[in-house]
Q: 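Below you will find the structure I want to go over with you.
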There are 2 protein chains.
Amino acid sequence: LRARPGSQDAASVIEIVDAPLPDPGPGQLRIRNIAMSVDPYMRLCLDGAAGPAAAFALGEALPGMAIGIVEESRVADIAAGDVVSSMFGWREAFVADADMVEKLNAATGLPPRAFLSVLGGTGFTAYVGMMHLGRPQPGETVLVSGAGGAVGSIAAQLARMQGAKTLALAGSDAKCAWLRGAGIDHAINYRVVEDLDGALSAAAPEGLDLYFDNVGGGQFETAISLARSRARFVECGMISTYVAERSQAPRNLVQIIAKSITIYGFTVVDFMDLREWFLADMTGWIRDGHIRWEETVYEGLDRAPGALDDMFRGANLGKMIVSLDAAP
Amino acid sequence: LRARPGSQDAASVIEIVDAPLPDPGPGQLRIRNIAMSVDPYMRLCLDGAAGPAAAFALGEALPGMAIGIVEESRVADIAAGDVVSSMFGWREAFVADADMVEKLNAATGLPPRAFLSVLGGTGFTAYVGMMHLGRPQPGETVLVSGAGGAVGSIAAQLARMQGAKTLALAGSDAKCAWLRGAGIDHAINYRVVEDLDGALSAAAPEGLDLYFDNVGGGQFETAISLARSRARFVECGMISTYVAERSQAPRNLVQIIAKSITIYGFTVVDFMDLREWFLADMTGWIRDGHIRWEETVYEGLDRAPGALDDMFRGANLGKMIVSLDAAP
C-alpha cells in the first residue's frame, strides 16, 4: 500500500513488489496461497476511515484472509500439502508461525475456497449479524441490502430459513434472479427501479421488522423510513460510503428515536466465541440444502487491486476471490 | 399551530386563540391547568420531521403533558380540587373524559410540578434510557449530552448512582456547576471548550462504555470517535438537529461497525410497561437523596411558544415549564 486512495481507485495506490521469502525456522511454515479474499472493509482500511486502529499500514502488504497450501513445515502437526487459512493477506507465498494459521477441516467435504466465503469470514459475518443480533422470527419482514454480495446473499437465505418474509436489494437483474432462485421472496434491482420506497412498500406494506445493511447511505435511509416501530437494524457494512466522495449519512436518522429502533453495529472479530457454533451450524445447513453460495473469481495476484475496485462497481455475484496458481 | 416552522422560531407559527369551553358531560371533567410541559420533541413534531405519525396537526392546540386542578367533575372517583396530569397540552383549561387523565399520587409528598419533570415524562425517559437500555455498570465510563436539560440531568445522576464514572456535556458554566454539585465527575461546557475531543479524552482516556445522547450532530460524532469497542449508545434526542437548517448526521457513523456499537433509539411511549417500576424506584431515590432536579419556569400561556424557542437556545436548567395562574 503506497498511499491512502481517498476517492481514487484502490488499484492506483497498490503496487505489486517482489520480496525475499525466508526459510521457515522452528515452529514455522512456508505457505503458497491458492486463493485470497477480497472484502469491502478493505477499502475502508485503505483510507483509515474506520478509525486509526483499523487502518492498513502504508508500505505493507494488505492484510486479509487467504487459503494456502503448506510447502514446508517445521512443526509436528502440520505437513507439506495441508491446506490452511491465514490472515496475512495479499501475497503469493509467505513464512509464518504455525500458530498464526488454521488447518482447514477436510471432513466438511467442501472445496477449500468455501472457507473464504460461506464457511469463512463473510459467512460468519452473515451468521453473527442475522442469527445472533438480528434474530428474525417466523412471519417477520426482513430486508437485506447488498444481497448479491458474499455476506448479503447468505444473510438473506438465513432470514428466509428462519421463516421470515425476506426482501433483498441488489444491483443487477442477474443477482436478483439468483436470489429468487435461492428462495428469497422479493428481490429488487435498486439500480433500475424508479421509486425504491414505493417498490419496497408495495412488497412489504406491513413495514420492516429487521434490516440487515451492507450498503448504508440512501438504502439505510429508505429502511429507516419503512421500519416499523421497535424494528432492529443490523449494520454490517456501509459500502456506499466507503469511497470518500460518495459518503452520505441517512438524513432521517432522528427517526430511530420516534420508532424506538435498535441498531447493532458489528464487526465479526468481536464475536469469535460464536465461531465453533457457526462452523457446525453452517456445515449442517449446507449439507441439508438450505444455503447456496456463489463466487466471482479473478485469476492472478496482479488482478487483486482491480477486483477490489470492481467489487465497488458491483461486479461480483457472491464472494469476490482472487485465485492464485499454486505451482511455484 | 398555524404552519410548519422549518428554520423559523416556533413562536412565529403558534397563535393563542380563545375557544369556548363546553360543560362537562357524564364521565367528564373540567380542568384548569396550573403547569404545562415544554419538551424538545415538540419542536420536531411541529415540522413533522420525526415521521408523519408524530406530526402535530395544523390548526390544533399543541399536545403535551400538563398538570391541572379539577374544577368540575361528573365522575365518582375524582373530585373538584384534585390534581391531575393529562396529555392535552397547551391550554389554560379544557374538558375531557376522566379516563384520559391521571390523578396524581399525593402520597409522594412531592409538589405537583414534579410530575412534569423528575416524576413525569422526562424523568421516565431518563429512567428507561439509562436503567433499562443503557444499564451502566460500576466502573464503566458514561457520557451524557444535554446534561443540563430535564432528561440529561436525571440520566447523568442515574449513571453516577450506579457507580459509573460520569461525564456530562452542557451549554453553560451554571449548568456545569449544578451538575458537579449533583455529584457528576466531569462536567464540560461544550460552548466554550476549544477542543471537545481533547477535553473528553483527558477526562476519560479509557474511552466511553456508554453514551446517552440528547443532542445528536457533532456531539454524537465526538462520542462515536471516543467510544470503546462494544460501547452502547442510547439515542434519546438529537436536539441539535431538530431545527431544519442545523441538521447534521454524524460523519463517522460507519465506525459503529468497526467498534461493534449498539445504538438504542427509543421513545418512552414504547416502554409504558416500565412506568410503575419507574414511579416506585424514582420516588424512593428522591426520598433517599440520590436524585436532585431543577426547573426553569416561565409564567403565562403567552410565553409557552417562546419557552420552546428559548429551550433550543439553552435557556433552561433542568425542566422547562410554563406555569399558569390557576385562578379563573
Side-chain angles (χ1 to χ4, degrees), chain A residues 40-41 43-45 47-55 125 128-129 133 207 213-214 216-217 220-221 224-242 244 247-271, chain B residues 40-41 43-45 47-55 125 128-129 133 207 213-214 216-217 220-221 224-242 244 247-271:
Chain A
Y41 78 87
R43 186 62 182 72
L44 205 54
C45 299
D47 278 327
T125 297
V128 169
L133 298 173
D213 191 18
N214 294 295
F220 187 6
E221 188 171 303
I224 290 174
S225 79
L226 299 179
R228 302 180 67 172
S229 181
R230 309 199 73 160
R232 295 99 64 201
F233 278 41
V234 176
E235 279 299 327
C236 173
M238 300 185 184
I239 192 169
S240 72
T241 75
Y242 292 176
S247 185
Q248 182 201 352
R251 290 163 297 185
N252 58 354
L253 192 62
V254 70
Q255 292 188 21
I256 69 170
I257 295 175
K259 291 185 172 184
S260 292
I261 292 173
T262 297
I263 302 177
Y264 300 100
F266 83 105
T267 185
V268 76
V269 294
D270 286 330
F271 295 86
Chain B
Y41 77 87
R43 186 63 181 73
L44 205 54
C45 298
D47 278 328
T125 298
V128 169
L133 298 173
D213 191 19
N214 294 296
F220 187 6
E221 189 171 303
I224 290 173
S225 79
L226 300 179
R228 302 181 67 173
S229 182
R230 307 200 74 160
R232 296 99 63 201
F233 278 42
V234 176
E235 279 300 327
C236 173
M238 301 184 184
I239 192 168
S240 72
T241 75
Y242 292 177
S247 185
Q248 181 202 352
R251 290 163 297 186
N252 58 354
L253 192 62
V254 69
Q255 291 188 22
I256 69 170
I257 295 174
K259 292 186 172 185
S260 292
I261 292 173
T262 297
I263 302 177
Y264 299 100
F266 83 106
T267 185
V268 77
V269 295
D270 286 331
F271 295 86

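Numbers restart at 1 for each chain; the letters A, B, ... are given by sequence-line order, proteins then strands. Since this is a predicted model, take the numbers as computed values, not measurements.
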Q: Indicate the atoms forming the closest heavy-atom contact of Ser260(A) with Phe266(B), along with that distance.
A: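 Heavy-atom minimum between the residues: OG-CA, 3.5 Å.
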Q: Distance check, rounded to the nearest 0.5 Å: Ile257(A) atom CD1 versus Leu44(B) atom CG?
A: 8.0 Å
Q: For the CD1 atom of Ile261(B) and the OG1 atom of Thr267(A), what is their distance to the nearest 0.5 Å?
A: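 Interatomic distance, Ile261(B) CD1 to Thr267(A) OG1, rounded to 0.5 Å: 11.5 Å.
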Q: Report the distance from atom CD1 of Ile256(A) to atom OH of Tyr264(B), rounding to the nearest 0.5 Å.
A: 12.5 Å
Q: Measure across Pro250(A) and Ala249(B) and return the closest heavy-atom pair with its distance rounded to 0.1 Å.
A: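 It is O-CB, 3.9 Å.
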Q: Select all residues of residues 225-234 of chain B having any heavy atom within less than 4.5 Å of some heavy atom of chain A, and report them by number, or 'none'.
A: Ser229(B), Arg230(B)
Q: What distance separates Glu235(B) CD from Ile263(A) CD1, expressed to the nearest 0.5 Å?
A: 8.0 Å
Q: For the atom pair CG (Leu253(A)) and CG (Leu253(B)), what is the distance rounded to the nearest 0.5 Å?
A: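 It is 6.0 Å, given to the nearest 0.5 Å.
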